[in-house]
Amino acid sequence: MMFDDESPFRKKVYRACQCIPEGRVTTYKHLAQAIDCNSSQAVGQALRNNPYAPEVPCHRVIKTNRRLGGFYGQVEGEAVLKKKNLLQQEGVIFDNDDRINKACIFTF
DNA sequence: ATTATGACTTATT
DNA sequence: GAATAAGCCATAA
């Protein structure tokens, strides 16, 4: 995937995103740090309308508090359930408090 | 150039 | 725990 029409920032976000292995997740913050950006919010902004799903596995990016975060522009509802299902299919473990297990978190 | 808007995070109350 | 405010920074208008 070339991402040629995208801004340099978005290229970095998408490339970093593709480094997350199946069955693991990372956080908006870690991803931001990996691309030398100081705004996890800007990363969320770039993934908000990710044109390359699921080629770019943006469902593997979650919040720092180990909760899910958004999907397809939604912060709650069907889209978020789908995100959870995708992750569970890949083997990501959810704890009893509905947070993602620490062992599943991938760090760059 | 300026303003507004977030799939965020941290600190505070 | 919930709600608020402030900081962050790329985009779109």
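Computed from a predicted structure; not experimentally measured. Just so we're on the same page: letters track the sequence lines, and every chain starts at 1. No hydrogens, no waters, no symmetry mates; every other heavy atom, side chains included, goes into these values.
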- prompt: By side-chain contact (heavy atoms from CB on, under 4.5 Å), which residues pair with E22(A), not counting sequence neighbours?
  reply: R60(A), E90(A)

- prompt: Looking at residues 18-40 of chain A, who's got a heavy atom less than 4.0 Å off DNA chain C?
  reply: N38(A), S39(A)

field: d(OH, Y14(A); P, dA10(C)) in whole Å
entry: 14 Å

query: Going by number, which of residues 96-106 of chain A have a non-hydrogen atom under 4.0 Å from DNA chain B?
result: none

- prompt: How close or far is atom P of dA6(C) from atom CD of Q41(A), stated in whole angstroms?
  reply: 15 Å

statement: CD1 of I100(A) to CG of N65(A), rounded to nearest 0.5 Å, is 9.5 Å

field: Nucleic acid contacts of residues 70-95 of chain A, taken as heavy-atom distances under 4.0 Å to DNA chain C
entry: none

Give every donor-acceptor pair under 3.5 Å between a side-chain atom in residues 71-83 of chain A and any protein atom, sequence neighbours left out.
from	atom 1	to	atom 2	distance (Å)
K83(A)	NZ	V61(A)	O	2.8
K83(A)	NZ	L68(A)	O	2.9
K83(A)	NZ	G70(A)	O	2.8

message: Using whole Å, what does the distance between atom P of nucleotide dA10(C) and atom CG of L47(A) come to?
response: 14 Å

statement: Residue pairs passing the salt bridge (charged side-chain N to carboxylate O under 4.0 Å, His left out) test with at least one member in residues 1-16 of chain A, sequence neighbours excluded, are E6(A)-R10(A)

Value rounded to 0.5 Å, distance of CG in N96(A) from CG in N101(A): 10.0 Å

- prompt: side-chain contact (heavy atoms from CB on, under 4.5 Å) between Q18(A) and V56(A): does it pass, once the steps are laid out?
  reply: CA-CA 6 Å; Q18(A) 289 184 306; V56(A) 171; 4.3 Å; yes

Please set out all donor-acceptor pairs under 3.5 angstrom arising from side-chain atoms of residues 36-44 of chain A, sequence neighbours excluded.
from	atom 1	to	atom 2	distance (Å)
S39(A)	OG	Q41(A)	N	3.4
S39(A)	OG	A42(A)	N	3.0

message: Would a single hydrophobic cluster contain both I105(A) and F94(A), if residues Ile, Leu, Val, Met, Phe, Trp and Tyr are joined by side-chain heavy-atom contacts under 4.5 Å?
response: yes

task: Return the value, rounded to whole Å, for the distance between atom CZ of R66(A) and atom P of dT9(B).
output: 13 Å

Under 3.5 Å, which protein N or O atoms sit close to an N or O of nucleotides 11-13 of chain C? Give each pair with its distance.
from	atom 1	to	atom 2	distance (Å)
dT11(C)	OP1	S7(A)	OG	2.3

- line: Quick note, ring-ring contact (aromatic ring centres under 6.0 Å, His included) partners involving residues 12-53 of chain A, not counting sequence neighbours, are F3(A)-Y14(A), F3(A)-Y52(A), Y14(A)-Y52(A)

- line: Between the CG atom in L87(A) and the CD1 atom in I62(A), the distance rounded to the nearest 0.5 Å is 8.0 Å

message: Using the side-chain contact (heavy atoms from CB on, under 4.5 Å) criterion, which residues pair with D97(A)? Sequence neighbours excluded.
response: D95(A), R99(A)

For A34(A), all residues meeting side-chain contact (heavy atoms from CB on, under 4.5 Å), sequence neighbours excluded: F108(A)

message: Working to the nearest 0.5 angstrom, can you tell me the gap between L86(A) CG and H59(A) NE2?
response: 5.0 Å

